[in-house]
Amino acid sequence: MTEPKTDATRVTVVPGGPVLVEGPVEVTLEDGTVVLSDRFMTALCACRRSRAYPFCDTSHRRRVRTDRDGDSDRDGDRNSDRDTDGAES
């Protein structure tokens, strides 16, 4: 078995989310435009909903209202540290 390259760029695909790329990246878009990111970790949009495309702006996270106040989203109640009467526990 071969040893992994230590100088290889690590890319992580997040299910339902962005593609995470370690290190500074240069992205060439389909129209030939080149965009740069000098961040240590760059999140690239995989859903194409991002207003900052090709970079992820978390647009893939759809909010789903489950009550009139809209306190809940698709991952459950955002106020999970509160009692049913709204008081913090």
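For reference, positions follow the sequence shown, starting with 1. Values below: all heavy atoms of this structure, side chains included; hydrogens, waters and symmetry mates excluded.
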Original post:
Looking only at heavy atoms, which two atoms of E26 and V34 are closest? And how far apart?
Top reply: CG-CG1, 3.3 Å
Original post:
What pair of heavy atoms forms the shortest contact from G16 to H60, and how long is it?
Top reply: O-CD2, 3.2 Å
Subject >> Verify same cluster id: L36, V11 (apolar side-chain graph, 4.5 Å) >> reply: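 No.
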Original post:
Hey, quick one: are L20 and V27 part of the same hydrophobic cluster, counting side-chain heavy atoms closer than 4.5 Å, chains of contacts allowed?
Top reply: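 Different clusters: L20 never reaches V27 through Ile, Leu, Val, Met, Phe, Trp or Tyr contacts under 4.5 Å.
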Subject >> Residue of the set T33, V25, V35 for which side chain to side chain contact (heavy atoms under 4.5 Å, CB included) holds with P54 >> reply: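 That would be V35.
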Subject >> Listed partners of E30 passing side chain to side chain contact (heavy atoms under 4.5 Å, CB included), at least two apart >> reply: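 Side chain to side chain contact (heavy atoms under 4.5 Å, CB included) check on E30 returns R48.
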Which donor-acceptor pairs under 3.5 Å do the side chains of residues 38-46 make with protein atoms, sequence neighbours left out?
unit_1, atom_1, unit_2, atom_2, d
T42, OG1, S37, OG, 3.0

Subject >> Separation of C56 SG from R61 CZ (nearest 0.5 Å) >> reply: 7.0 Å
